[in-house]
Engineer: 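Here it is: the structure, laid out below.
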Amino acid sequence: MVKAIVMDQTGGPENMEWRDIEVGSPGAGEALVRHTVVGLNYIDTYMREGYYPQLKVPNAILGMEAAGVVEAVGEGVSDVAAGDRVTYVNGPGTYCEKRVLEARHLIKIPDGISDETAAAMMLQGMTAEYLLFRTHKVQAGDTILVQAAAGGVGLILCQWAKHLGATVIGTVSTEEKAELARANGCDHPILYTKENFAERVMEITSGKGVPVAYDAVGKDTFQGTFDSLSMRGHFVSYGQSSGGADPIAPGYLGAKSASLTRPSLFHYTSTREELVEVASNLIGVVQKGIVNIEIGQRYELKDAAQAHRDLHARKTVGSTVFTV
Ligand SMILES: NC(=O)c1ccc[n+]([C@@H]2O[C@H](COP(=O)([O-])OP(=O)(O)OC[C@H]3O[C@@H](n4cnc5c(N)ncnc54)[C@H](OP(=O)(O)O)[C@@H]3O)[C@@H](O)[C@H]2O)c1
């Protein structure tokens, strides 16, 4: 038996229960991993609430990301072996002390990267990678908009885009978050809780707007993000922390020949080859110090419900991890 955060019904954090579960042994193609650190991501709250349907209650375990040590592997597994330090994105099912999963999801953690950094960076960092290089190729000289710039994905996007030579405009809810975003490559933090951010984007870009806007806030920012785009701008809607945006008709985009994408990390890392490529690019920039993984909060895994409350209440900055 090991401990896990288990849900018997979807809903609020009060439905997250710390209790014993059974762990099997790895079958063909699988590995048993003892988690040392588990990552918290906003997607965990969508699954907890049932907004995304992947959490199959009862006896369902939340969580999409973790790091730890391989304890055993099943037949046919050659990429990892017992004793390897590994990290991965796969779930739901990571809010637990040990887990059996398909070994093809595992990435070995190189020396010099701690388990804590690995568990904090994989989902948010691989997201930043595909957003900046695959969904839209950000070029030196571009001015881009990043919503929720002091969040987990936000801080990584700011640093990496800045390294690529972009000018980064970012939105945040507080002065403290503005300072943090600025320290992480955001040239123009805007307090969207106080200012009309679309007007500020137009001022900063001398009325041109941005060629790409990354918006995972959703409902509250959708119109302003659209208003911030340049002619033929690219609206990358990759999440909905404030709730899902209202539907729009295709003709809406015609006002500026804009394009709208709704990408998901899982569609950019579905083959082993793609996963290894995206993960390696992320690991490379972290090893070189180009991207620093800012861990703003740490909780014990048994206190995951409190972390969910804090994330939802916009109290967190950067990435959040659970120690196991
Ligand atoms: N599509 C994908 O592949 C993909 C992958 C990873 C993440 N995502 C999405 O990216 C977003 C960021 O994920 P994350 O894990 O890095 O979370 P996060 O950005 O650390 O946390 C969410 C942030 O959103 C902002 N926010 C604005 N309105 C909010 C509201 N009404 N309620 C709560 N937060 C609000 C808050 O920042 P302020 O206080 O500054 O407003 C909050 O800190 C999420 O929407 C997530 O689902 C998508």
Side-chain angles (χ1 to χ4, degrees), residues 41-43 46 52 64-65 89 121-149 151-171 181 184-186 201 205 208-219 221-242 244-245 247-248 250 252-253 256-286 290-291 293 319:
N41 290 283
Y42 215 90
I43 192 173
Y46 305 143
Y52 286 172
M64 298 298 293
E65 176 178 41
V89 172
M121 78 181 194
M122 290 305 283
L123 199 152
Q124 294 166 344
M126 291 201 296
T127 298
E129 200 273 359
Y130 86 75
L131 291 174
L132 294 172
F133 294 94
R134 297 163 202 266
T135 304
H136 185 102
K137 286 188 197 303
V138 170
Q139 311 283 345
D142 286 348
T143 299
I144 71 167
L145 173 61
V146 173
Q147 300 284 11
V153 179
L155 284 183
I156 301 172
L157 276 177
C158 289
Q159 295 175 73
W160 210 335
K162 183 77 182 164
H163 173 73
L164 293 174
T167 297
V168 183
I169 305 174
T171 56
N184 284 275
C186 178
V201 168
T205 58
K208 286 201 198 83
V210 291
V212 62
Y214 295 107
D215 183 350
V217 172
K219 192 173 183 63
T221 49
F222 194 89
Q223 182 65 50
T225 295
F226 183 74
D227 294 342
S228 302
L229 289 176
S230 64
M231 283 302 153
R232 297 175 11 203
H234 193 180
F235 190 141
V236 181
S237 168
Y238 71 101
Q240 55 281 317
S241 314
S242 68
I248 55 157
Y252 177 91
L253 302 171
K256 44 175 81 172
S257 298
S259 56
L260 171 66
T261 321
R262 180 42 178 104
S264 164
L265 170 65
F266 307 105
H267 302 147
Y268 284 81
T269 52
S270 56
T271 65
R272 177 76 188 164
E273 206 178 20
E274 284 173 323
L275 170 66
V276 168
E277 190 179 305
V278 175
S280 303
N281 289 342
L282 170 66
I283 288 168
V285 287
V286 172
I290 292 165
V291 169
I293 304 300
S319 306

Engineer: Report yes if the side chains of Arg262 and Gln240 come closer than 4.5 Å at any heavy-atom pair, otherwise no.
Structural biologist: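 Arg262 vs Gln240: side chains touch.
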
Engineer: Just so I know, are the side chains of Leu260 and Tyr252 near enough to count as touching, which here means a heavy-atom distance under 4.5 Å?
Structural biologist: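 When only atoms from C-beta onward are counted, Tyr252 and Leu260 do not touch, as no gap falls below 4.5 Å.
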
Engineer: Side chains of Val212 and Asp142, heavy atoms from C-beta outward: is any pair under 4.5 Å?
Structural biologist: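 Not in contact.
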
Engineer: With sequence neighbours excluded, what pairs up with Tyr46 under the ring pair (Phe, Tyr, Trp, His ring centres under 6.0 Å) test?
Structural biologist: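 So Tyr46 forms a ring pair (Phe, Tyr, Trp, His ring centres under 6.0 Å) with Tyr42, Tyr51, Tyr52.
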
Engineer: About how many Å separate CG of Leu145 and OG of Ser230, when rounded to the nearest 0.5 Å?
Structural biologist: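 Here the interatomic distance stands at 11.5 Å.
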
Engineer: Hey, could you give me each pair passing salt bridge (Lys or Arg N to Asp or Glu O under 4.0 Å) that has a residue in residues 154-167? Not counting sequence neighbours.
Structural biologist: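 Every salt bridge (Lys or Arg N to Asp or Glu O under 4.0 Å) pair that includes a residue of residues 154-167, provided the two are not neighbours, is Lys162-Asp187.
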
Engineer: Decide side-chain contact (heavy atoms from CB on, under 4.5 Å) for Val89 and Asn41; before the verdict, give the C-alpha distance in whole Å, the side-chain angles of both, and the deciding distance to 0.1 Å.
Structural biologist: CA-CA 11 Å; Val89 172; Asn41 290 283; over 6 Å; no

Engineer: Ala148: what forms a side-chain contact (heavy atoms from CB on, under 4.5 Å) with it, not counting sequence neighbours?
Structural biologist: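 Testing Ala148 for side-chain contact (heavy atoms from CB on, under 4.5 Å), a comparison that skips the adjacent residues, returns Tyr192, Val217.
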
Engineer: Sequence neighbours excluded, which residues qualify as side-chain hydrogen bond (donor to acceptor under 3.5 Å, both in side chains) partners of Thr221?
Structural biologist: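 In terms of side-chain hydrogen bond (donor to acceptor under 3.5 Å, both in side chains), with neighbours along the sequence ignored, Thr221 is linked to Asp215.
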
Engineer: For Asn184, what residues pass the side-chain hydrogen bond (donor to acceptor under 3.5 Å, both in side chains) criterion, not counting sequence neighbours?
Structural biologist: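 side-chain hydrogen bond (donor to acceptor under 3.5 Å, both in side chains) check on Asn184 returns Gln159.
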
Engineer: Could you pull out all residues at least two apart from Glu129 that satisfy salt bridge (charged side-chain N to carboxylate O under 4.0 Å, His left out)?
Structural biologist: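 Scan of Glu129 (salt bridge (charged side-chain N to carboxylate O under 4.0 Å, His left out), adjacent residues dropped) gives Arg134.
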
Engineer: Is it possible for you to check whether Lys256 lies under 6.0 Å from the centre of the six-membered ring of Phe235, through NZ or CZ, and within 45° of that ring's axis?
Structural biologist: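 No.
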
Engineer: Could you grab the distance from atom OG of Ser228 to atom NZ of Lys208, nearest 0.5 Å is fine?
Structural biologist: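 It is 15.0 Å, given to the nearest 0.5 Å.
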
Engineer: Under the 3.5 angstrom rule, does the side chain of Thr143 hit a backbone N or O of Ile169 as a donor-acceptor pair?
Structural biologist: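 Judged by distance alone, no pair lies under 3.5 Å.
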
Engineer: Among residues at least two apart in sequence or on other chains, which ones pass side-chain contact (heavy atoms from CB on, under 4.5 Å) with Ser264?
Structural biologist: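 With neighbours one apart ignored, the set is Phe266, His267.
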
Engineer: Indicate the atoms forming the closest heavy-atom contact of Gly125 with Trp160, along with that distance.
Structural biologist: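 Closest approach of Gly125 to Trp160, heavy atoms only: O-CZ3, 3.8 Å.
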
Engineer: What are the two closest non-hydrogen atoms of Val210 and Ala213, and how far apart are they?
Structural biologist: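 Closest approach of Val210 to Ala213, heavy atoms only: CG2-CB, 4.2 Å.
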
Engineer: Quick one: pull up OG in Ser319 and CE in Met121 and give me the separation to the nearest 0.5 Å.
Structural biologist: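 So the OG of Ser319 and the CE of Met121 are separated by 10.5 Å.
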
Engineer: Go through the structure and list residues passing side-chain hydrogen bond (donor to acceptor under 3.5 Å, both in side chains) with Thr135, not counting sequence neighbours.
Structural biologist: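 Thr135 satisfies side-chain hydrogen bond (donor to acceptor under 3.5 Å, both in side chains) with Tyr268 once adjacent residues are dropped.
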
Engineer: If you take all heavy atoms of Tyr214 and Leu157, which pair is closest and at what distance?
Structural biologist: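 Heavy-atom minimum between the residues: CB-CD1, 4.2 Å.
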
Engineer: List in chain and number order the residues that pass side-chain contact (heavy atoms from CB on, under 4.5 Å) with Ala181, two or more places apart in sequence or in another chain; answer none if no residue qualifies.
Structural biologist: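 Once residues adjacent in sequence are excluded, the partners of Ala181 under the side-chain contact (heavy atoms from CB on, under 4.5 Å) criterion are Ala149, Val172, Cys186.
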
Engineer: What residues form a side-chain hydrogen bond (donor to acceptor under 3.5 Å, both in side chains) with His136, not counting sequence neighbours?
Structural biologist: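 If we apply the side-chain hydrogen bond (donor to acceptor under 3.5 Å, both in side chains) test to His136, skipping adjacent residues, the hits are His234.
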
Engineer: Check side-chain contact (heavy atoms from CB on, under 4.5 Å) between Thr127 and all other residues, then give those that pass, not counting sequence neighbours.
Structural biologist: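 With neighbours one apart ignored, the set is Leu123, Tyr130, Leu131, Val153, Tyr238, Leu265.
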
Engineer: So, do Met126 and Leu275 sit near enough that their side-chain heavy atoms are less than 4.5 Å apart?
Structural biologist: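 Met126 vs Leu275: side chains touch.
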
Engineer: Could you tell me which residues satisfy salt bridge (charged side-chain N to carboxylate O under 4.0 Å, His left out) with Lys219, sequence neighbours excluded, listed by chain and number?
Structural biologist: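 Per chain and number, Lys219 pairs via salt bridge (charged side-chain N to carboxylate O under 4.0 Å, His left out) with Asp246.
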
Engineer: Just so I know, are the side chains of Leu164 and Phe133 near enough to count as touching, which here means a heavy-atom distance under 4.5 Å?
Structural biologist: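 Touching, per the 4.5 Å side-chain cut-off.
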
